[in-house]
**Student:** 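Can you keep this structure in mind? I'll have questions shortly.
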Amino acid sequence: MNAFRDIFLTGLLLGGIFALVSVGLSLQYGVARVLNVAHGEFIMVGAFITFWMLGSINLNPLVSLVITGPAVFIMGLILHKTLFRRLMDTSPSLDVFEGKSMLASFGLLYVVQNLARIIWGSDVEGYNFLNSTVTAAQIPLNRLVALGFVIVLGVAFYLFLARTRLGKAIRASAQSPTTAELMGVNIHNVLAICFGLGLGLAGIAGSLLSTLFAIQTSIGLGYTVIAMVVVVLGGLGSITGAMIGGVILGLVSSTVTFFQPSLTMIAYYVIFIVLLLSRPKGIMGK
Amino acid sequence: MKTIRMTRNRGITLGLLLIAFLILAFLPQVTSGYVITLLIDILKFAILTVAWVVFSGPSGYMSLATAAFYGLGFYIAAVFSGTFPFPVLVIMAGAVAFVVALGVGALTLRLRGVYFAIFTFALVLLVQNVVLEIERVVTETRGRFVDTVSTEGVYYAIFIVFVLTMLTAVLIRRSRYGLALQSIGEYEEAAAHSGINVVRTKVLTFAVSAIFMGMAGAVIATRRTYIDPYIAFNLNTSFLPVLMAMFGGMTNLAGPVIGAALFTYIGEILLTRFPDLYMLIFGVVLILAILFMPNGVLGLAQRVWRKIRGGRRAPA
Amino acid sequence: MRLLEGEGLTRHFGGLAAVAGIDFHVDQGEILGLIGPNGAGKTTLFNLISAALKPTSGTISYQGSQITGLPPYKICRLGIARTFQTVKIFAHLPAVRNVIVGSLFGTGSRTSGAEALRIADEELEFVELSSLRNVPAGDLTLAAQKRLEVARALATHPTLLLLDEIMAGLTHTEVDEAMDLIARIRARGITVIMIEHVMHAIMNICDRIVVLDFGLKIAEGTPAEVAVDEKVIEVYLGEEI
Amino acid sequence: MRQRIRWGSLVFTFLLLVALVSLPIMVGCAGDDATTTTAGGTETSDTSMAPPEQDKIIIGAARPVSGVNSFFEENAFGPAYKLWVQDVNAAGGINVAGKMLPVEMKVYDDQSDLDTSMRLLTKLMEEDKVDFVFPPTSTAFLFAAAGVANAHNYILMSAEGGATTLEKEMEKGDLPYYFQALSYSNHDQMPAFAEILNEAGAKTAAVVYLDDLHGIEYQAQAAVFLSGAGVEIVSNVAIPGDIKDMSSIIKQIQERNPDVVAFFAYPPQNILAMQTMIQLNYNPKAVLLGPGGSFQFFANIFGPAMEGVMFEGAWSVNSSPEAKAYYDKLADFMGTTDNIDFWGAIIYRAELEFFQQAIEKAGTLDQDKIAEVMRTEHFPTVMSPDTFFTNGIFDVSSYSGQIGQWQNGVAEVIDVGDKRTAAPIYPKPSWPAPTETTAGQ
Amino acid sequence: MLEIDGLSASYGKVQVLWDVSLRVDEGEFVALVGANGAGKTTLLNAVSGVMRPGSGSIAFMGNKVDGFAPNQIVDLGLSHIPESRQVFTDMSVRENLEMGAYPIRAWKSRRNTMKRVFELFPRLEERAGQLARSLSGGEQQMLAMGRGLMSLPKMCMIDEPSNGLAPLVVRDIFRVLKSLHEEGITVLLVEQNVRQTLAVADRAYVLENGHNVLEGPCCDLAQSEHVRKAYLGQ
């Protein structure tokens, strides 16, 4: 019974982290149609900005979210306006655009990772942050904070999408870009904003992850792979799907780790592949 | 008139092809060492890229499973290294890759577009991790030593596989399968309603292309004294052929070969001249190529070529 | 003689019945017109016959045997060829190779390359596109693309040909040419089912017309009978006010 | 059915291929002129005491400038090599048969990719014809490089990794040019660890290992030596590199309550393991960390919590005055003490010093002669006044220690015997109360 | 108000419109009829900026607008209610309407506009909280029209509102179209339902295969043999 509780709690906390890593990717693909292989690199960038600010001006990592999020968001805007917008204009069909943008993001992966390496070096970095537990259940405080942030972000994001003018425009654009245009939505701006938001969320995720794990300029791809698994689990493009997918993967991970840790990665990919084959649109897909 | 010119052109072309073939075939007799090493690499990537283009080019299905088949061949060569002679290993690798690809192809029929790409991407990771776990449990280590083959031997092996790949690719392109595959890529539905067995065509071509990936893997494995699952099933092996094909252009088979050759060669120069900036430059060049060379180097060359010839006579 | 017969054909999309329990038949050698407003279920019916879709319920028999559930390529090789409402040609292939696809794969027996080429050129000749045989199909005009699709379908040596709006978007003269083409197809002994909105064409060349509305068959008969059917007029011109 | 093949394009391709082929040949020829032919061959062997004609020694290496292994190039081996080159050249160079030859390093980026690494290593030996090569980073790379270098008759020393599987190849006599400098689990570290635990009176141990070469090998050797010393292994768990949560593993170990927990993993997993143990307030009597635990930055991240944590290694500033002097010099060179590694840093240096003395003793750049010297001679190095190879492997007595322990932020050697710089703390003190943020570097 | 002159447009290599001209005056109710594939929808798409015309000019309220992005056209007060409804199925009725009011000038007064729309389509108010996917075809069409009105347009282009709807519902739709026009909104209606269309519109254009073929007051056209022929082939 205790073991069961442990598995569940760890899975939930881990799920929060996975969801955090993935929501941005889901947004980028769902609306902007970019399967961003460089997603994890921006998580890394967020983590390093946080780490760097902690070291240089001793800024609390949770405060630095306010800087990393917008900073990476702006990078995303610029990237979309320059790179992906152009690709979109020159692609004859959405399929071609998806293929090309995925490859372009692969190039981006190299650029970002190596720029980061040149700026920050290849060290393994880490720091101790809220490294205590909520005693009764022995829940690590930093993970709880991360989960809390995921929930807050999730709710905030939900409210943003549900209540605001821009949020509705984003949802409308995700369903039908052409019709959204007829409503007066400047589709290119919305796509750029979505891509930017996706990256911004990656940046925030990076800030939070740096409080939990060792960071290195080469960690990006690992997170991209996790994000892809989660996003496919939840259904490409679905925000709630990404949340649910994250929790599912967290639970799978904690269960497998409990019984046979070395099978964790295999379990991820088996679930991923089985799901792709049986329900390609994901659990939340229609 | 027209026929005569065609034949003459063809004669010249065939002659040139023959010369290129002979140069490549006898190169190890005149030079050795690094040039051959580099050529082995170029030929390896040319094989992978052409094999990738054979299926993914006309069908439009973007496969990222290259590393899985290449790695299988690689691993088979390592596991049975010393047990069987080298040529047998290479043929075995091709056969196993073919069979596995048949299975994978049959499984993925429902997936299209980006889903197919993601599936094949995950496949590589799955195979890598499964082999890793098997090695840990069964052999209680991670890697294997491989009996090496002389550089010259490897060169000829890879050269033969390359020639086979090119011949097969040309044959497939010119056969009914090539046409069927191309129609599937253009309009799968219309192809099916015109009597094409879409499933069989896709799966079979996918599997045939995997043969050469597996063979290349088996040949290259003998270059390494030591291999492990991370080396065998490396995601880069999946991505690079795609990038090389894009870089070279996919309108005909020369594109992938040019792409692989230029990519590897330029990469090597950058790598040795600017070790610190290489990957950065690589990324930037890649993005620029995708942005500004939609039909790759070949497309660019053809545009320039046409412009040059345009003054004299209309393009054929 | 009954060539094709559908019984109780039904197809749901989500909760919506696009085709609801339709019985129909087509006889050897006739031209059957299929009309009805947008969304009436005409193309869905075509998709069911050609096996692009599987029926939710109901059966289709062809030359006396059941063909429900066969894959599309088998249906084609049995002799049922089709064209598409929005042209689905192989845009990057030259016209002649579009047609070769049909003659090479669709005839039901193994055709040699030379034979396939000969058939393809014959069919191109038949639809009067010989002069454009080497032009990439994507560069043809809409009318030519529609003809090319017909040629591709004919190259499979069909017994039954399904034509889905091959006149939509064509000019007057082109429509006349298309009507002539259909007449010549019939002259070859090929049975035709056609969906069409160009009324004068339908009225002039069809032997029999089936009218669909909201997935149901609302009328059936000769052109003359259908043209005076109150229900049909209501559907087409709207209610009298 | 005939489709016209675009022959023109095919011709173009092959012409291009031919052009590409000929280009490196030309470049290669130019290279020949520049670097003459004094390289590793046997050309100079007959006149062993005559000084070489060249005026400098070029040492080539394919190093992980970028990619996952770049950490090591930047922080571990890179600085060690560079500092050594700087020191040698400051002293005028290496004395080869009376001629002082300065040293120059030619570094290519292998992108942490094994294929690339081997290709570049081949290029260095065949095309650039460098005088010596330094090894690539990481054990798998070394395995591959050992074969490649041997096939070219180049000496390859490795302080950058090493696993006992390679020893079998060496025993077969296949790798006469290969020298293993880094300590091995079977000869060196696990026996020492067992001795320490035996002395402390530990009875039970748990092992967590990364499912890669290092982890698999170490857990196997730990099983052998710890059982031999009467320490029972009560739990043995493999973990994947991407592990993101270790709480269930730690909790399961906690239930069995072993005296010792050993983590044979790399820094990312070791950091996670430490955090999890602190969070769960699980405090075994001894904790051993694999690679990374020996780095100063690791101690900085965890601060007082590192007190009493053991690591694979080891050397200490208290090992000898030479060690202290080297520490100061290295810290000065790197501009920080964060990345000083109390396992490998001294071994890299010792290996280079040994190599230099071997060249000088051989009095030639001939690889065979130098290899022969290396196999037989003893030299003093920063690590030990008597450093030497036994069967191509640094003798266990040459090392300054095998197991270290953090005490007051200082790495100490706790081996049983005279290498010891401080008595082991056993049991380790309990974790300090968690503090708020502490910056790593 | 809207003046189209010599418009040509193609999809890829397929030309759909040939030199089409059309004029809608302020306050007018103009119909555009023609068979399927005649190019009616393409014409609307060209005007609203969804596709770029090949040649010709489009002017709205005296300003040249060809080449404008759709959002600029909407901002100018020209609303395009697209073919087959295109409501946002995963959003509620209310949200769909709010999307209609996306241009800033309309957004501010969206509550008032919505009240007016609800008066026009009481059914929508009853279903305001429901997801649009749960609406029937007729309700979705009403939603699409309501949404089009939310941008406070000076002119509406409506594409085949009766498409796929039952006769009773079609009657409703036409009733609403009429009242819209009576409220002073200029209307350009594209329809296949010729009789009812000609009954409500002031003037009509007949488009055939991408060419203008007829133009005139509706009462004349309703009697036209040509129209009857085009539709029933008699």
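Reminder, nothing fancy here: chain letters follow the sequence lines and each chain counts from 1. Quick note: numbers below take in every heavy atom, side chains included, and nothing from hydrogens, waters or symmetry partners.
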**Student:** Short question: side chain of E:Gln140, backbone of E:Ala132 - any donor-acceptor pair under 3.5 Å?
**Tutor:** yes
**Student:** Going by an N to O cut-off under 4.0 Å, is there a salt bridge joining A:Glu98 and A:Arg33?
**Tutor:** yes
**Student:** Is A:Gln175 close to chain E through its backbone or its side chain, or both, or neither, when contacts mean heavy atoms under 4.5 Å?
**Tutor:** side chain
**Student:** Under 4.5 Å from any heavy atom of chain A, what part of E:Ser79 do you find: side chain, backbone, both or neither?
**Tutor:**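 For E:Ser79, no heavy atom lies under 4.5 Å from chain A.
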**Student:** Quick check on E:Ile104 against chain A: is it the side chain, the backbone, both or neither that has a heavy atom closer than 4.5 Å?
**Tutor:**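 Interface part for E:Ile104: both.
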**Student:** Among A:Ala169, A:Ser176, A:Ala174, which residue forms the greatest number of heavy-atom pairs with chain E at distances under 4.5 Å?
**Tutor:** A:Ala169
**Student:** Looking at E:Asp66 and E:Ile58, would you say the former's side chain and the latter's main chain have a donor-acceptor pair under 3.5 Å?
**Tutor:**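 Yes, because the side chain of E:Asp66 sits within donor-acceptor range (under 3.5 Å) of the backbone of E:Ile58.
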**Student:** Thinking salt bridges, do E:Asp90 and E:Arg133 make one under a 4.0 Å N-O criterion?
**Tutor:**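 Looking at E:Arg133 together with E:Asp90, the answer is yes, because their closest N to O distance falls below 4.0 Å.
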**Student:** Relative to chain A, which of E:Met150, E:Glu98, E:Arg110 shows the most heavy atom pairs under 4.5 Å?
**Tutor:** E:Glu98
**Student:** Is E:Glu3 paired with E:Arg23 through a side-chain N to carboxylate O contact shorter than 4.0 Å?
**Tutor:**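 Answer for the salt bridge query: no.
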